[in-house]
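For reference, the structure discussed in these notes is given below.
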Number of protein chains: 2
Amino acid sequence: MLKISKKADYALMALQHIASVQFGDVTPGRVVNTKEIAEEYNIPLELLAKVLQVLSKQGLIESHNGPKGGYLLARSARQITIAQIIESIEGPLAITDCSHEKDGDFCMQREHCNIRTPLLKIQDSIYQLLNNMTLGDMMGGTPLITIQSPSAQGVER
Amino acid sequence: MLKISKKADYALMALQHIASVQFGDVTPGRVVNTKEIAEEYNIPLELLAKVLQVLSKQGLIESHNGPKGGYLLARSARQITIAQIIESIEGPLAITDCSHEKDGDFCMQREHCNIRTPLLKIQDSIYQLLNNMTLGDMMGGTPLITIQSPSAQGVER
DNA sequence: TGATCTCCGATCAATATGGTCGTACTAAGA
DNA sequence: TCTTAGTACGACCATATTGATCGGAGATCA
């Protein structure tokens with residue numbers, strides 16, 4: 001189904017929350033801790049903690065230890081793309097197993113595979129999609145990139 | 001990682017193969033059986049059989065029983081989109097769990113969820129991507145001859 | 001009628017994922 | 001400097017999904 005994992009979902013929610021607190025007009029610059037996010041969105045605390053650790057290790061957010069500690073965005077919300085977030089959690093985008101094959105490590109079908117090239121094209125397009133949308137776009141209600149097609153008009157924003 | 005399943009991979013390979021045999025210039029119109037495809041691409045026979053059954057049930061291919069039996073495309077290769085193939089196998093495209101929530105069935109985070117709308121936008125874009133590419137488009141390398149079989153009428157795009 | 005093929009349902013095994021636990025480390029404040 | 005609130009980190013378990021297998025029933029053609 002081309003689903004993205006729950007962890008990545010949580011990462012998106014958390015980052016959106018951090019961004020909106022940090023750059024909001026209520027308490028700008030405030031540090032946000034794990035517990036606050038977990039309670040706000042009903043996310044299992046421990047799992048969220050692990051997700052945030054990964055994001056921190058990947059350099060998307062910076063952690064502050066000790067009491068009054070918490071997390072802050074490492075860069076501005078407009079400099080963090082959805083692709084970066086998802087890939088931080090799930091690893092490089094790979095629509096099919098053979099996307100990033102190296103050396104002799106390839107699938108059984110490789111020699112006669114007729115779908116690899118087109119699939120890689122699709123994957124590339126999806127990546128562009130995710131990489132052209134930033135955390136900032138997700139918050140403000142900023143215009144999103146859209147591919148015009150008569151078939152789909154379902155989503156309002 | 002936004003991966004598509006092996007079954008869907010197999011489906012794509014199989015359909016591409018059937019299409020290239022059926023519309024190729026060597027033995028146009030020939031019926032292709034499961035074993036032939038399985039051996040050509042090193043796909044487990046039984047698994048491929050099940051995949052083909054689903055495709056047949058979904059109306060993408062038609063099956064012919066008995067000896068000398070096999071499969072044929074139900075429509076022209078240009079009328080079968082990648083989206084249709086993948087969705088036949090994996091069900092409706094759902095980038096996140098709450099994509100197709102109905103009634104009271106929604107995720108814990110729903111009430112404060114801040115990422116649902118943007119994610120649905122992305123999902124929609126991906127769908128358009130997949131739905132704008134047909135089996136015919138995938139057959140770039142192989143003989144892309146538009147000899148129409150009696151049962152399939154083609155549409156140029 | 002028998003051989004060959006698809007059809008279809010049930011089932012098993014492997015892997016990925018979601019989720020939990022325990023402990024160590026760090027920093028602020030009494 | 002001691003305590004406490006927080007993160008860091010790694011090991012671990014449970015469950016869901018997926019990949020793969022098996023066995024028999026139903027068609028079809030020679």
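As a basis for the values below, the full set of heavy atoms in this structure was taken, side chains included, without hydrogen atoms, waters or symmetry mates. Chain naming here is simple, since letters A, B, ... match the order of the sequence lines and numbering starts at 1 in each.
Each of A:K3 and A:G66 was assigned the nucleotide of DNA chain D with the nearest heavy atom; the assignment lying further toward the 5' end belongs to A:G66. When each of A:N65 and B:T34 is assigned the nucleotide of DNA chain C with its nearest heavy atom, B:T34 is the one assigned upstream, toward the 5' end. Mapped onto DNA chain C by nearest heavy atom, A:I4 and B:K57 fall at different nucleotides, with B:K57 at the one closer to the 5' end. Nucleotides of DNA chain D nearest to B:P67 and B:E90 differ in position, and the one nearer the 5' end is that of B:E90.
Minimum interatomic distance between B:A19 and B:L135 (heavy atoms only, all atoms of both residues): CB-CD2, 4.1 Å.
Among the atoms of the strands shown, only primed sugar atoms or phosphate atoms (P, OP1, OP2) are found under 4.0 Å from some heavy atom of A:K6.
One interatomic measurement links the two molecules: CG of B:L47 to P of C:dC8, which rounds to 17 Å at whole-angstrom precision. Atom NE2 in A:H64 sits roughly 12 Å away from atom P in D:dT7 (whole-Å rounding). Between A:Q53 atom CD and D:dG6 atom C1' the separation is 12 Å, expressed in whole Å. The nearest whole Å value for the distance from the CD atom in A:E36 to the P atom in D:dA5 is 17 Å. Here D:dG10 presents its P atom at 16 Å from CG of A:L52, a figure rounded to the nearest Å. Protein atom CD1 of B:I43 is 12 Å distant from nucleotide atom P of D:dG19, rounded to whole Å. Put simply, CG on B:N33 is 5 Å from P on C:dT6, counting in whole angstrom units. Between B:E46 atom CD and C:dA13 atom P the separation is 17 Å, expressed in whole Å.
Side-chain atoms of B:Q123 and B:S99 form a donor-acceptor pair, as typed in the model, at a separation below 3.5 Å.
Taking 4.0 angstrom as the limit, A:Y10 places none of its side-chain polar atoms (N or O) nearer than this to OP1 or OP2 of C:dG18. For the pair B:S56 and C:dT6, the criterion of a side-chain N or O lying under 4.0 Å from OP1 or OP2 is not met. At the phosphate of D:dA8, OP1 or OP2 sits under 4.0 Å from a side-chain N or O atom of A:Y71.
Considering only heavy atoms from C-beta on, B:L47 comes within 4.5 Å of B:K7 through its side chain.
Between A:Y71 and A:H64, the distance separating the two ring centers is not shorter than 6.0 angstrom.
At a cut-off of 3.5 angstrom, counting only N and O atoms as typed in the model, there is no donor on one side facing an acceptor on the other between the side-chain of B:K50 and the base of C:dT6.
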Go through the steps to decide whether B:E36 and B:R30 satisfy the test salt bridge (charged side-chain N to carboxylate O under 4.0 Å, His left out), and finish with yes or no.
-> CA-CA 12 Å; B:E36 171 182 336; B:R30 202 188 92 222; 2.5 Å; yes
